[in-house]
Student: 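For reference, the structure I am asking about is given below.
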Amino acid sequence: MYSDKVMEHFNSPRNMGEIENPDGVGTVGNAKCGDIMRMYLEVKDDIIIDVKFKTFGCGAAVATSSMATELIKGKTINEALELTNKAVVEALDGLPPAKIHCSVLAEEAIKAAIEDYKNKRKDAE
Amino acid sequence: MIYLDNSATTPVKKEVIDEMIPYFTEFYGNPSSLYKLSRDTKRKLEDARERVATLLGADKDEIYFTASGTESDNWAIKQMARVNKKKGNHIITTKIEHHAVLHACEEMEKEGFEVTYLDVDSEGKISLDDLKESIKDTTVLITIMYANNEIGVIMPIAEIGKIAREKGIAFHTDAVQAVGKLTIDVKKENIDMLSLSGHKFNGPKGIGALYVRKGIRINSFMHGGGQERGKRAGTENVPGIIGLTKAFEVSTENREEKNKKVVELRDYLIERVLGEIQYSRLNGHRTDRLPNNANFCFRFIEGESLLLALDNFGICASSGSACTSGSLDPSHVLLAIGLPHEIAHGSLRLSLSDETTKEELDFTVEKLKTVVERLRDMSPLWEDFLKNGGEDNV
């Protein structure tokens, strides 16, 4: 039911872990529904120089988190904000219909982390 | 490969296949035809019915063959309810039934029936007092599973049967998980209807049976020819029936010895898992459970990930997580025993067979430890838990 790409990202997730003193953190989802994603960003000159994730959830939740981090690493904040769940699904060679919500969560997690980054910057100014 | 999903299905034993084969090639006659070829087949079919009846403590003409446990459940519940519609419209069941029973009951609600879903305690047992109190003048059916498919808990069937018989209410039990593992006597236990399924005890898939006690009136569910004494139309699945029968017989050979061995292994598995993996728990009654069932929850991780990770090591298991149930909610059984959603999502069922070895379980426990650790390292819930100094907030 999962593509080889999904299984590959589940088995060897990219950018899994934490960033100490991150420039932005976003957590979305809830344990009740069985999915929580957390993204950590390190930003320099408006570019995401590092991103890490932690995920509680199914295989698709882990794989979409992993793929989403790959897709935004090295990108500008504005480029990262343009990432859609559809792009994540395509990059994973598709997801079963019941798992599309995982890709939505990945998109939301990135947006939440960027939001946090922007708020922190505003506070600093 | 290590197969620890014997509650999902089982391999067909060689002696079962050997007994089935002639019914594909030699005794292929339609049991309803007149000539000798068919008469011979019919005789074997009726022999099989008698053999199954004997194993359940029933009479030959109380056994009807169906295509699955699910069909047996649907037939028993829907047709018993419909036949008695004028007498009453109340059905009693439990919150932890298999979906074949729960969804059949929900269908009857659409037809105007009222259904009481009995609560279970934290170990999965119903209260007999609750059962007695829920009985009304309009109750026409009590349907309670013999043993639960997820957490393995065994229900007090003989006591339930006694209560139902005293009140004159038909009692059906979904015994799909129990047949082949536990010794059942439908007469002693006052069971009026019982569902079973061949593939759960090393028989073939696509064959089941329903026991209906003499004197219990139930309408046909499948209409067509006059097979199964006019109660279940459709040309009999003779090879399947022979396979189910043989598998049922094989399951009873040295049963006590086999169960003793399986229980020992299961308890060894439970002890190791609970002792070596922190924040794990066993679901279901510790001793009143199927000999081969172990069901755990591992906090801070999700069940489907666990299954996928175990599959990488060739370990086959199942989970009651939402992702494997196809809905957003985790297993209704785990919620019914009072587990919060977030814990219920992290469940793992390991179901053994009499061929499971200690070496297989040792390998499984070792891999399980690795996998749980890896998934926890990945889990924001675990991170928060550690940052809060391991404070329990669930």
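Throughout, a chain's letter reflects where its sequence line sits, starting with A, and its residues are numbered from 1.
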Student: Taking side chain as everything from C-beta outward and backbone as N, CA, C, O, which of these in B:L308 sits under 4.5 Å from a heavy atom of chain A? Side chain, backbone, both or neither.
Tutor: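 When you check distances to chain A, atoms from both the backbone and side chain of B:L308 fall under 4.5 Å.
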Student: Contact part of A:P96 toward chain B, heavy-atom cut-off under 4.5 Å: side chain, backbone, both or neither?
Tutor: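 Neither part.
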Student: Closest approach of B:S305 and A:G59, non-hydrogen atoms and distance?
Tutor: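 So the minimum-distance heavy-atom pair works out to OG-N, 3.7 Å.
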Student: What residues of residues 82-92 of chain A sit under 4.5 Å from chain B when only non-hydrogen atoms are counted?
Tutor: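 Listed by number: none.
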Student: Is chain B contacted by the side chain of A:A61, its backbone, both, or neither, given a heavy-atom distance below 4.5 Å?
Tutor: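 A:A61 has no heavy atom closer than 4.5 Å to chain B.
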Student: Give a yes/no verdict on a cation-pi contact between B:R374 and A:F10, requiring under 6.0 Å between NZ or CZ and the six-membered ring centre and an angle within 45° of the axis.
Tutor: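 Yes, B:R374 and A:F10 form such a contact.
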Student: Taking atom CE of B:M378 and atom OG of A:S65, what is their separation to the nearest 0.5 Å?
Tutor: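 That separation rounds to 9.0 Å.
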Student: What part of A:N30 lies closer than 4.5 angstrom to a heavy atom of chain B: side chain, backbone, both or neither?
Tutor: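 When you check distances to chain B, no heavy atom of A:N30 falls under 4.5 Å.
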Student: Main chain of A:A31, side chain of B:H341: is a donor-acceptor contact present, judged purely on distance under 3.5 Å?
Tutor: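 Checked: no pair found.
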Student: Would one find more than 12 heavy atoms of other residues, nucleotides or ligands at under 6.0 Å from atom CD of B:E383?
Tutor: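 Yes, CD of B:E383 has more than 12 neighbouring heavy atoms, counting only those of other groups under 6.0 Å.
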Student: Between CD of B:E342 and NZ of A:K32, what distance do you get to the nearest 0.5 Å?
Tutor: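 NZ of A:K32 is found 8.5 Å from CD of B:E342.
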Student: Does A:F56 offer a backbone N or O that forms a donor-acceptor pair with the side chain of B:S379 under 3.5 Å?
Tutor: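 Here the side-chain-to-backbone pair does not exist.
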Student: Could you give the distance from NE2 (B:H345) to CG (A:D35), rounded to the nearest 0.5 Å?
Tutor: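 If we round to the nearest 0.5 Å, B:H345:NE2 and A:D35:CG are 7.5 Å apart.
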Student: Is the shortest distance from a Lys or Arg side-chain nitrogen in B:D384 or A:K54 to a carboxylate oxygen in the other one below 4.0 Å?
Tutor: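 Looking at A:K54 together with B:D384, the answer is no, because their closest N to O distance does not fall below 4.0 Å.
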